[in-house]
Amino acid sequence: MLGGLLFVLFVPMHKYGEAYDQVDFLTFPLLVLSLVSVLPLIEFISFLKVDTTGFRNVVFALMLFLMFLFSSDMQPLLNPSRNQTLSDVSSILFFAGFMAFVLTAICVLENHIGAEFSYIRFALSSIYAGLTLLSFVFLDRARIPYFALVIFLPLVVYLIISVFMRGEKPKFNTVTFVLVGVVCLSFGLCLASFASKALGKGDFGVTTFYVLLIFLSYMAVYIDYIIRREHDRYMVKRYAKSLEKAKSRLLTSQMNPHFVFNSLLVIKDTYHQDIAKGDQAMDLFSKYLRTSVESLDKDFVTFEDELQNIANFIALEEIKKGKSYNIIYDIDVSDFVVPILSLETLVENSLKYSMIEDKEDGEIIISTKEENGTITITIEDNGIGFNPEDIKKGSYGLKNTSDRFHILLQAKTEIKSKPNEGTKIEITFNKEEANMERIIEGGGFKI
Amino acid sequence: MRIIVVDDEFQALGTFLKEVMYEGDVEYRFFGDNEAEIISYLNKCEVDAAFLDIRMPSIDGVVLAKKIIASHPKIRIVFITGLSTALPDLPESLRPHVEGFIYKPYAKEDIQKIFNSLKRNHLYLEAFTFETFECFVNGRIVEFSSAKSKELFAILVVYGGKTLTMADAINKLYPGKDIGKAKILYRDAIWRLRKTLDGLGMDLVEFHRGETILKKERIRCDYWDYLADKNEAYNGHFLDNYPWSKPYLVYLDKIADKRKSK
């Protein structure tokens with residue numbers, strides 16, 4: 001689309017400049033019509049696939065399509081003999097389509113900025129649309145430049161402002177930026193022609209080509225915006241769903257009855273043997289429960305707190321099993337956040353399956369490294385390992401954790417395991433993502 | 001130090017009371033959730049810290065804390081709670097006044113940590129180096145989370161404020177070990193030492209990348225005093241279970257001989 005625009009922009013102007021009346025009246029309307037007819041299609045697909053709130057956008061695009069279908073530009077196609085003059089029926093349809101288009105557009109834009117529907121704004125918009133319509137009737141019926149100018153300028157301004165007014169980071173990329181520039185340039189030319197005509201100094205000859213240019217640019221900006229927004233919306237929805245699932249799975253695994261009642265029994269027994277030790281076991285278990293409950297409405301913890309969760313879990317296991325585990329903390333950086341109970345789950349898994357306690361030099365090494373703003377967390381054991389092909393079936397916790405890391409921090413998880421040599425889990429992510437402030441944000445995921 | 005404790009359920013405070021009594025120099029007073037009584041007591045007596053439950057039948061602990069702070073801004077607030085409330089959940093104006101949280105059911109270490117940090121301006125760590133190495137805070141022995149982190153702290157104490165580099169520490173702690181593995185173990189010891197000191201609520205060591213420095217202000221050590229000729233505690237034993245202490249032993253013997261001949 002950008003290539004097409006550049007082509008149009010650099011076509012020698014004098015060839016077409018004076019040729020308003022000689023331009024092929026079939027090519028231009030057909031081109032625009034095809035573009036306009038694609039819009040409802042895109043919106044309809046997005047409506048079906050992504051989000052039912054996109055329904056108004058479907059109407060919006062449909063109205064635009066109808067309006068153009070009955071505009072004077074289409075007359076040479078629909079009614080070759082009458083050239084550019086509208087029949088009465090077409091006029092009514094065109095005006096109705098135009099009115100509906102403007103009103104729907106306003107609604108859609110309100111939807112974009114997430115604003116409450118306001119009757120005052122709606123009334124003002126209707127008056128605006130009415131005035132535009134009147135100016136059409138009294139000034140010149142078939143001049144598309146006016147039409148483009150009067151409708152689209154406020155719309156684009158509204159669109160851009162709405163993006164900024166929402167306090168979001170501007171999501172315009174270079175392509176969009178260039179396109180907006182082209183749009184502004186085209187507007188300047190349109191305005192010049194409009195002014196020259198209004199001042200009675202003759203027509204500066206804004207051609208249908210320029211109109212096409214404007215239209216293409218609008219389309220590009222619009223489609224770019226739509227695609228980005230729909231993509232974001234889609235991702236948010238998908239992530240929210242899978243995060244919810246991951247969290248409930250986490251809670252189920254943390255609170256599994258076997259673990260809970262087993263722990264309670266061990267605590268009871270420990271109290272019978274040694275009150276101080278019983279206290280210790282009780283404290284550890286209650287910390288474990290507290291963290292599990294917190295995981296319900298918290299997405300992140302600081303890495304240091306997560307290490308504390310790990311230490312608590314291991315101390316509890318040591319009391320329960322009457323064994324001691326060798327955990328080595330090789331910590332280079334710690335000022336970042338991780339999903340709550342994520343590393344704990346990994347260490348829990350490692351304790352469960354690696355059998356390091358049967359080995360004399362069995363150990364788990366937890367290490368962090370930072371390189372060029374990328375953090376790598378490694379959890380490595382020298383236990384019995386497993387066949388990597390069994391991961392999918394076997395360890396639910398592993399999959400769940402790597403999912404949460406991916407959703408919350410866009411992290412990559414790599415698992416290397418060899419039977420009888422041990423297992424190494426490596427998680428890498430951008431430090432910016434795991435900014436300490438994300439705890440205060442109250443968690444959630446960002447796009 | 002004088003504290004008040006506000007909780008509507010006294011039965012829940014057994015462990016807490018035991019720990020408070022252990023502190024010895026802490027004067028305490030318990031209150032139910034009677035706001036008027038609390039405020040009038042605060043107006044009469046100077047109180048250092050208020051331990052508040054958050055969820056009580058007739059008052060909200062956070063609201064009470066705000067009221068206390070409004071009239072007595074110097075009082076430190078500690079919340080004792082069964083909820084998962086943390087600092088970010090509190091109103092911003094209150095946060096600087098909060099010393100910490102004790103979550104129910106609490107461990108005695110949680111309470112000790114809070115008392116240590118309340119008293120941090122007149123709290124010392126005492127390090128004993130003759131014979132074996134032990135540290136005490138407030139009369140209680142410091143439990144290090146690993147033997148190597150304790151040994152690392154001993155090196156720092158012997159260095160007495162001089163910079164300890166990673167290479168130096170590795171030479172002493174893991175002589176003859178593969179360097180890659182030794183580095184990992186060194187960082188493990190550093191991390192565990194940090195956690196132990198954090199748990200005490202005392203800021204005693206500056207940790208930098210590859211370097212550590214002891215902050216001497218809050219530490220008393222028999223070895224330092226001996227060198228400064230303030231005591232005669234040396235009895236021919238120095239950090240007995242650490243092999244790297246041998247050269248120091250020679251040095252200490254020399255000093256002892258010199259002092260004797262005087």
Side-chain angles (χ1 to χ4, degrees), chain A residues 267 275-298 300-305 307-308 310-312 314-315 324-334 340 361 363-370 378 380 382 436-443, chain B residues 12 14-16 18-19 81-92 95 101-113 143 145-149 152 166 170 173-174 177-199 207-210:
Chain A
I267 291 168
I275 289 183
K277 197 121 195 222
D279 265 350
Q280 204 190 345
M282 190 61 159
D283 290 339
L284 289 167
F285 184 61
S286 64
K287 276 182 182 135
Y288 179 89
L289 283 187
R290 177 177 294 281
T291 320
S292 306
V293 172
E294 278 174 7
S295 74
L296 258 184
D297 53 16
K298 231 167 138 185
F300 291 108
V301 282
T302 63
F303 174 69
E304 297 209 15
D305 283 349
L307 284 189
Q308 193 57 52
I310 292 176
N312 290 345
I314 287 171
S324 115
Y325 296 106
N326 192 9
I327 313 289
I328 295 169
Y329 299 93
D330 173 13
I331 309 299
D332 209 29
V333 273
S334 60
I340 186 166
D361 61 343
E363 62 189 15
I364 297 178
I365 303 177
I366 302 167
S367 61
T368 61
K369 293 268 173 308
E370 186 185 352
T378 317
E380 193 176 1
N382 56 358
M436 292 292 259
E437 274 160 29
R438 295 198 68 182
I439 290 191
I440 300 156
E441 272 172 28
Chain B
T15 321
F16 184 76
K18 224 159 65 189
E19 283 309 303
T81 175
L83 306 170
S84 292
T85 314
L87 212 53
D89 304 323
L90 296 176
E92 207 152 325
R95 287 180 210 166
F101 294 84
I102 298 175
Y103 296 110
K104 291 176 189 171
Y106 35 76
K108 59 179 202 271
E109 291 79 14
D110 302 332
I111 298 166
Q112 278 167 25
K113 185 181 173 182
E143 308 260 13
S145 79
S146 75
K148 283 293 175 188
S149 66
L152 178 73
M166 177 163 84
I170 286 178
L173 290 173
Y174 312 103
K177 207 163 195 130
D178 161 66
I179 187 72
K181 185 77 187 174
K183 273 187 185 169
I184 291 177
L185 292 174
Y186 163 77
R187 281 195 288 261
D188 176 62
I190 288 277
W191 181 261
R192 286 172 183 273
L193 177 60
R194 235 171 105 168
K195 286 287 120 185
T196 303
L197 298 179
D198 278 355
F207 294 95
H208 301 290
R209 195 165 272 257

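Note on naming: letters A, B, ... go to the chains in the order of the sequence lines (proteins, then strands), and numbering restarts at 1 for each one.
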Query raised in the report: A/D283 and B/A107: which non-hydrogen atoms are nearest, and at how many Å?
Result: OD2-CB, 2.9 Å

Requested in this report: Quick one: which of B/E109, B/K104, B/K108 has the most heavy-atom pairs under 4.5 Å with chain A, could you say?
Outcome: B/K104

Query - Heavy-atom neighbours of B/K195 NZ exceed 12 at 6.0 Å - result: yes

Query raised in the report: At what distance, to the nearest 0.5 angstrom, does OG1 of A/T368 lie from CH2 of B/W191?
Result: 7.5 Å

Requested in this report: Calculate, to the nearest 0.5 Å, the distance between atoms NZ and CD belonging to B/K181 and A/E363 respectively.
Outcome: 3.0 Å

Query - Value rounded to 0.5 Å, distance of CG in A/N326 from OG in B/S146 - result: 10.0 Å

**Report entry** Interface residue of largest heavy-atom contact number with chain B, from A/L284, A/I365, A/D332, under 4.5 Å
**Finding:** A/D332

Report summary line: Among A/Q308, A/Q280, A/K287, the residue with the most heavy-atom pairs under 4.5 Å to chain B is A/K287

Requested in this report: Sort A/S334 into side chain, backbone, both or neither according to what part of it lies under 4.5 angstrom from a heavy atom of chain B.
Outcome: side chain

Report task. To the nearest 0.5 Å, tell me how far A/I331 CD1 sits from B/I190 CD1. Result -> 12.5 Å

Query raised in the report: Can you tell me if CD on A/E370 sees more than 12 non-hydrogen neighbours from other groups inside 6.0 Å?
Result: yes

Query raised in the report: So which part of B/Y106 gets closer than 4.5 Å to some heavy atom of chain A, the side chain, the backbone, both or neither?
Result: backbone

Query - Region of A/L307 that comes under 4.5 Å of a non-hydrogen atom in chain B - result: side chain

**Report entry** Interface moiety of B/D89 toward chain A, non-hydrogen atoms closer than 4.5 Å
**Finding:** neither

Report task. Evaluate the side-chain contact (heavy atoms from CB on, under 4.5 Å) criterion for residues A/V333 and B/R209: first the C-alpha distance (whole Å), next the side-chain angles of each, then the deciding distance (0.1 Å), finally the verdict. Result -> CA-CA 10 Å; A/V333 273; B/R209 195 165 272 257; 4.3 Å; yes

Query raised in the report: Does A/I328 offer a backbone N or O that forms a donor-acceptor pair with the side chain of B/R187 under 3.5 Å?
Result: no

